[in-house]
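As structure tokens, the structure follows; a few thoughts come after it.
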Amino acid sequence: MRKYFVLFAAALFQFIICSAQKKTIDQKVDSVLGLMTLDEKIGQMNQYNGDWDATGPITKDGDKQNQIRKGMLGSMLNVTGVEHTRTLQELAMQSRLKIPLLFGQDIIHGYRTIFPIPLAEACSWDTAAMRLSARIAATEAAAAGVHWTFAPMVDIARDPRWGRVMEGAGEDPFLGSVIAAARVKGFQGAGFGNVDALMACAKHFAAYGAAIGGRDYNSVDMSERTLLEIYLPPFRAAVDAGAATLMNSFNDLNGIPATGNKHLQRDFLKGQWKFKGFVVSDWGSIGEMINHGFAKDGYEAALEAVTAGSDMDMESRSYINNLSKLVKDGKIKMQLIDDAVRRILRKKFEMGLFDDPFRFCSKEREQQQWNNANNLAAEKMIAKKSIVLLKNDPPPGKAGMGLLPLSKQIRTIALIGPFIQAVRDNIGFWAYSWPDDSSRIVSQFQGIKNKVSSNTKLLYAKGCEINDSSQAGFAEAINVARQADVVIMSVGEASDWSGEAKSRSNLHLPGMQEELVKAIYATGKPVVVLMNAGRPLIFDWTADHVPAIIYTWWLGTKAGDAIADVLFGDYNPSGKLPISFPRTEGQIPIYYNYYHTGRPATSDSDRFFRSAYIDLSIYPKFPFGFGLSYTRFDYGNIQLSSASMRANQSIKATITVTNAGNYDGEETVQLYIQDLVGSVVRPVKELKGFQKVFLPKGQSKQVSFTIDVDKLKFYNSELKYLAEPGDFKIYIGTSSQNVKEAAFTLTQ
Ligand code: NOJ
């Protein structure tokens, strides 16, 4: 009898296990939800910062550890490392329902291996490379116990005064969208359930990049059309690529803070776009609705935020302090809370944390990723692709070839400027510092030293600081330059001058740096300038005089080696700008896809009567899509497969690109389209495609783009997304300004 009972019990147990395993994630979520008290549900919607690395004001501690034990916390940010995350997760396992914590962190451009800042990487226009860097960052961070990155930042930015341009992909919605999707896929890898998959978080929803005056956290006032056409597409692309989460933003949009904005979060995101993940607020942004004057107190702020669709409260404690009362007062229905909690629990299930809350805590994996040579090699490859050659003229008084690339046999090179010997600067603003950084990060000086022949003598002088008024170092720098065959100068803005809360009104080279460039140029020596920055800077004198300029941005751990590869021709630069460079701050905002005006300026001589300035060119200093190579790419004429198409047809546009120079090289062939007449005014040009082609010198290749009706759609006068029959122009070329053109008609 006893034997039968044991058999029966075993079978029953097996049955329970099997049916639990067979349950879908949604069923599992519902079973957990059914066991939760209101307080435990609210706990899941609550996120605190760990005990270090704050990017905002930290709310009073309130005994975090006990709150975790009581199940009053769903997630923590800025907690990393296997040991630390394990300790906190163990506390969560002491809670009544043992719901695991999610650990989130700003893994913006690398964790241990630091990749180029996102704006730099966007210059590669290489989605596979960007996907790879996100993949590596995710693998390293996931091995250190992190589950979730607050990236990619997909805010379109047309104002380089805004310090956060460095975190995004620039000004264009098409390029921004493909990059957003690549980064999401890179972070999330082969899918949740894998121990190297990080949950992505597309941020900041929405329109944060259009802060008035380029001042971080400022208001945004924007037409619905601009929102739909320019600022939302990268978010939509991130959602379609499967982004697990979105973060909303600090700004108000047309008077409604994004955090409390139903139109954004309910109508678009969770409505039309059918987003199944969850939304986290930005740091304290729920509480900040009180500062906005949009909510009287935390009670109202929590009400507005949860109603609008903000599922998790980062660090403002508005939810933990007010949601329970709001439910009890009948202001918030339990369904709303349940919806938010379901979304959060679903991700925890998908990540496999309910199966094993410690699955991201492996000392062995953490160790393997800590000094991973393959990751560093990938970093160098991506850093090279991110570099943009802005100018390469012959040295003064000489004709013919550009000054670059330099010979490795040059006898004496003078290395001058405040960034030549810099170490930490090379990894930019959103990078973590590790104790051994100084031995891992390759400075520009070191990279050049690694590259040149043993006979080459390197002389060094700092010349000046980044930002002071002293010229005391000029004499030494001039003296060093006079002894050299070539001078390489490294100037720019400090690496912590771009990033969050790093808006600048003056984008010129700070301090005495441009004066130093002038002084060194006056020696008559050939000068190459490396420009270090997290945004487009203004350096007109340098751009107009110095023969060779390389925009290095901030390139990450192997910066110095990547720069040296370009300087000495081991890599032929291929980067293209994803953002327009203004001539002066007075041109801002500046972007290539502006609307037609009634008095379009077509040249600088038009300026008195047209949409232009009387005292300034209408053209940017360096346009969107621009970037030189050591070789020259010639474009043939565009061949169209047909001069007209119907909505259910497509046209093939083909162009022959020839590498007509002396180096093998890679070109980014860009396709722009213009709708000539619409029910609303249309931009002069919109990027609709691009292809990267590698061409050995002397070779040609036909590059084709398929133009279908989707490439012609826009939001019409009633904000319906469709294509209108009529005439279109196609532009194909090497930048937004240097293109060939053809025309076709979309018929009824
Ligand atoms: C505030 C920033 O705006 C956001 O981008 C970041 O993810 C959070 N702080 C967390 O650090």
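Both ligands and their constituent atoms are indexed starting at 1 by order of listing.
Contact analysis puts R164 in contact with ligand 1, with a non-hydrogen atom separation below 4.0 angstrom. At a 4.0 Å cut-off, not a single heavy atom of Q105 sits close enough to ligand 1 to count as contact.
Checking only distances, D106 does come within under 3.5 Å of ligand 1, N or O to N or O.
Neither the backbone nor the side chain of N78 comes within contact range of ligand 1; no heavy atom lies under 4.0 Å. Contact annotation: for K203 versus ligand 1, heavy atoms closer than 4.0 Å belong to the side chain alone. Of all the heavy atoms of E315, none lies under 4.0 Å from any atom of ligand 1, so neither backbone nor side chain is involved.
Although no hydrogens or angles enter the test, the distance criterion places no donor-acceptor pair under 3.5 Å between the side chain of E304 and the main chain of A295. Using modelled atom types, no side-chain atom of S281 and backbone atom of I286 make a donor-acceptor pair closer than 3.5 Å.
Evaluation of the salt bridge (Lys or Arg N to Asp or Glu O under 4.0 Å) test over residues 174-188, restricted to residues two or more places apart or in two chains, returns E121-R183.
For ligand 1, the atoms closer than 4.0 angstrom to any heavy atom of F250 are 1 (C), 3 (O). Of all atoms in ligand 1, listed by their number and element, those nearer than 4.0 Å to a heavy atom of F150 are 7 (O). The atoms of ligand 1 that sit less than 4.0 Å from any heavy atom of M247 are 4 (C), 7 (O). For ligand 1, the atoms closer than 4.0 angstrom to any heavy atom of H204 are 3 (O), 4 (C), 5 (O). Distances below 4.0 Å separate heavy atoms of D282 from the following atoms of ligand 1: 1 (C), 2 (C), 3 (O), 4 (C), 6 (C), 8 (C), 9 (N).
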query: Which is it for R535 and E493 under the salt bridge (charged side-chain N to carboxylate O under 4.0 Å, His left out) test, yes or no, and what are the steps along the way?
result: CA-CA 9 Å; R535 54 155 66 81; E493 65 174 3; 2.8 Å; yes
message: Would F275 and R343 count as a side-chain contact (heavy atoms from CB on, under 4.5 Å) here? Give the steps.
response: CA-CA 10 Å; F275 175 63; R343 289 168 180 271; 4.2 Å; yes
task: Test side-chain hydrogen bond (donor to acceptor under 3.5 Å, both in side chains) on T113 and N372 and set out the steps.
output: CA-CA 8 Å; T113 307; N372 186 312; over 6 Å; no
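At a threshold of 4.0 Å, the pair D106-K203 counts as salt-bridged, since one of the basic side-chain nitrogens sits closer than that to a carboxylate oxygen. Ion pairing between a basic and an acidic side chain is recognised when a charged N comes within 4.0 Å of a carboxylate O; D338 and K41 show such pairing.
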